[in-house]
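Report on the structure given below.
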Amino acid sequence: MDLNLLTREDEFTWRVEPHGDMRVPAVLYADEALIRDMDHKVYEQACNVAMLPGIVKASYAMPDAHWGYGFPIGGVAAFDPKQGGVVSAGGVGFDISCGVRTLTTGLRREDVETVKSELAKILYYTVPAGVGSTGKIHLDDREMDAMLAGGAQWALERGYGRTEDLERTEEHGRMPGARPEQVSPHAKKRQRDEMGTLGSGNHYLEVQHVTEIYDTGIAAVYGIRPGSIVLSIHCGSRGLGHQIGTEFLKRMALAAGQYGITLPDRELACAPIESPVGEAYLGAMRAGINCALANRQIITHLARQAFAKVLPPADLRLLYDVSHNTCKVEEHEIDGQTRPLFVHRKGATRAFGPGHAEVPPAFREVGQPVLIGGSMGTASYILAGTNESERRAFSSACHGAGRAMSRHAATRQWKGGRLVNELAERGIVIRSPSMRGVAEEAPGAYKDVSAVVDAAQQAGLARKVARLEPVVCIKG
DNA sequence: ATGTCC
């Protein structure tokens with residue numbers, strides 16, 4: 001990105017003043033090197049989002065931002081329904097409620113070292129991964145609707161997981177306002193056999209060890225210790241979320257025209273929040289959130305079964321489950337007034353700070369765990385929400401490393417089998433049904449997650465707590 | 001992300 005396009009507000013804050021049809025500024029958070037390397041498309045897309053009706057304060061880009069469909073991935077934008085605000089399917093993303101869930105295991109690095117290949121094998125055969133992967137759970141129409149309304153709570157009622165998992169899940173495992181009847185029969189059909197599966201792309205199930213603690217106090221509250229083993233699950237709402245996104249993009253393109261909304265980019269298809277299509281999308285999208293929450297809950301149950309076979313002393317306790325592809329109604333302060341806003345986070349993690357009522361009581365004093373997934377073979381991070389993040393980006397932070405190269409370019413540069421061998425030499429066991437997928441996910445195709453996380457911390461979006469490095473990675 | 005193009 002050309003630095004001349006931006007006004008540097010401070011070392012980690014870059015601003016584009018409103019010009020043309022922009023209603024608010026665009027604000028990018030990153031260090032200079034990340035901004036230089038950032039795709040020019042992020043500039044264009046962040047500015048385009050700033051043109052949408054009812055947007056308040058600014059259109060934001062996180063340090064891991066890259067080119068997405070309409071909105072940048074790593075984009076945050078909030079809309080006020082009382083000012084003609086809109087909801088956009090492209091502002092949530094195709095993988096509705098994609099997110100990360102991390103569990104502590106009570107194990108130490110040395111406990112898994114000798115059994116990691118066996119553990120990888122059993123996890124791989126227990127949790128289906130890959131394009132079109134299906135599981136052992138099959139939902140009829142009635143159960144599908146119950147799942148879409150009940151989320152992780154539904155999963156728990158069916159025997160997948162422990163009661164205490166829910167208090168460590170965003171929305172207590174169940175997103176209110178879901179309207180299963182707004183989800184098309186086709187979207188439901190696609191999901192029928194996909195519960196408890198990882199899917200593909202950047203999704204993974206990873207056994208990680210804690211290599212560094214940055215904040216001892218918060219780490220203690222989170223139950224994270226140096227040298228301990230954790231399990232992280234990164235996945236979303238599978239075929240159902242994708243189908244909802246696809247269908248509503250079309251409906252919103254028509255609606256935008258009907259409501260006289262001029263779109264700077266047709267990919268920014270949107271509808272007024274207070275319109276039949278807007279309300280239908282919100283109901284379907286919330287059902288999609290419940291699908292993702294139920295999916296990660298079932299995978300948790302399957303992972304516990306796998307661990308019990310290889311490492312019976314393991315006790316997998318949920319640290320937290322947080323999404324990074326959502327649109328949620330939240331109270332935020334605008335011009336000294338607290339108002340309900342529709343906050344779109346696409347490739348951006350909610351990051352509520354200390355004292356926020358939505359943060360589980362156990363973490364209330366230190367802020368919400370913010371789970372940042374790295375790329376395959378690289379570090380992941382646990383951060384904590386800050387109060388500063390509220391005024392910086394509606395309490396949001398980055399979500400991962402962010403792609404630096406297209407999937408196609410990555411497959412030209414790397415071979416999956418070779419990557420697996422190289423990572424094995426570094427002690428990391430990879431299992432995946434697709435070597436092409438592994439090549440697409442080559443660590444070199446991503447930005448440096450450490451630089452991204454440092455920038456997020458320096459910009460005040462979240463605070464570093466711990467660094468995690470992979471031991472076993474089941475890759476979709 | 002995605003039954004990686006109905």
Side-chain angles (χ1 to χ4, degrees), chain A residues 41 45 64-75 88-101 128-135 138-139 144 183-205 233-250 267 269 281 284-285 287-289 291-293 295-296 299 323-327 344-349 373-376 399-412 416 432-442 445-446 474-476:
Chain A
K41 276 279 176 189
Q45 293 191 320
D64 52 338
H66 55 110
W67 182 8
Y69 187 93
F71 284 59
I73 296 162
S88 170
V92 171
F94 282 94
D95 191 5
I96 294 167
S97 196
C98 183
V100 180
R101 162 179 289 224
V131 179
S133 48
T134 54
H138 313 286
L139 302 184
M144 177 63 67
V183 178
S184 72
H186 186 49
K188 292 174 184 175
K189 188 181 172 193
R190 283 185 67 174
Q191 193 60 30
R192 212 158 47 185
D193 305 316
E194 290 194 341
M195 295 310 294
T197 66
L198 271 180
S200 63
N202 63 2
H203 291 168
Y204 59 76
L205 186 154
I233 299 162
H234 178 210
C235 64
S237 52
R238 307 287 289 106
L240 181 125
H242 187 267
Q243 191 62 32
I244 292 171
T246 305
E247 291 169 12
F248 274 95
L249 276 167
K250 287 178 196 154
E267 293 184 357
Y281 175 71
M285 188 262 312
I289 291 179
C291 177
L293 293 174
N295 195 31
R296 290 195 287 272
I299 291 172
S323 300
H324 47 238
N325 281 3
T326 57
C327 172
H344 294 63
R345 294 189 183 88
K346 179 188 190 180
T349 311
S375 49
M376 182 186 60
H399 83 305
R403 287 201 81 89
M405 192 186 286
S406 73
R407 294 185 175 277
H408 188 70
T411 56
R412 282 197 301 253
S432 175
S434 165
M435 282 306 117
R436 181 176 151 195
V438 168
E440 289 178 354
E441 291 295 315
Y446 280 82
I474 311 302
K475 194 75 197 156

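Chain naming here is simple, since letters A, B, ... match the order of the sequence lines and numbering starts at 1 in each.
- In this structure, A:His234 has its ring center at least 6.0 angstrom away from the ring center of A:His399.
- Note on A:Glu194: only backbone sugar-phosphate atoms sit closer than 4.0 angstrom, heavy atoms only; bases stay farther off.
- In this structure A:Arg192 satisfies the salt bridge (charged side-chain N to carboxylate O under 4.0 Å, His left out) test with no other residue, sequence neighbours excluded.
- The CD-C1' distance, from A:Gln243 to B:dC6, rounds to 11 Å in whole Å.
- Using a cutoff of 4.0 Å between basic side-chain nitrogens and carboxylate oxygens, A:Glu194 and A:Lys189 are not scored as salt-bridged.
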Checklist line | Criterion side-chain hydrogen bond (donor to acceptor under 3.5 Å, both in side chains) on A:Arg238 and A:His242, from CA distance to verdict | finding: CA-CA 7 Å; A:Arg238 307 287 289 106; A:His242 187 267; over 6 Å; no
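- Rounded to a whole Å, the NE2 atom of A:His408 is 16 Å from the C1' atom of B:dC5.
- Residue A:Ser200 has a polar side-chain atom (N or O) positioned under 4.0 Å from OP1 or OP2 of B:dT2.
- Among the atoms of the strands shown, none is found under 4.0 Å from any heavy atom of A:His234.
- Distances shorter than 4.0 Å separate some side-chain N or O of A:Arg238 from OP1 or OP2 on B:dT2.
- The CE-P distance, from A:Met435 to B:dT4, rounds to 19 Å in whole Å.
- The nearest whole Å value for the distance from the OH atom in A:Tyr69 to the P atom in B:dT4 is 18 Å.
- Residue contacts for A:Gly241: at a heavy-atom cut-off of 4.0 Å it reaches no nucleic acid atom on any strand shown.
- The CD-C1' distance, from A:Glu247 to B:dT2, rounds to 13 Å in whole Å.
- Backbone-only contact: A:Gly201 has heavy atoms under 4.0 Å from sugar-phosphate atoms and none from a base.
- DNA chain B is contacted by both A:Arg407 and A:Arg436; A:Arg407 maps to the nucleotide lying nearer its 5′ end (nearest heavy atom per residue).
- Spacing between atom NZ of A:Lys250 and atom P of B:dT2 amounts to 18 Å, rounded to whole angstrom units.
- Rounded to whole angstrom, the span from the CD1 atom of A:Ile96 across to the C1' atom of B:dT2 amounts to 12 Å.
- Rounded to a whole Å, the CG atom of A:Asp95 is 15 Å from the P atom of B:dT4.
- Not a single side chain to side chain donor-acceptor pair (under 3.5 Å) links A:Ser432 to another residue, sequence neighbours left out.
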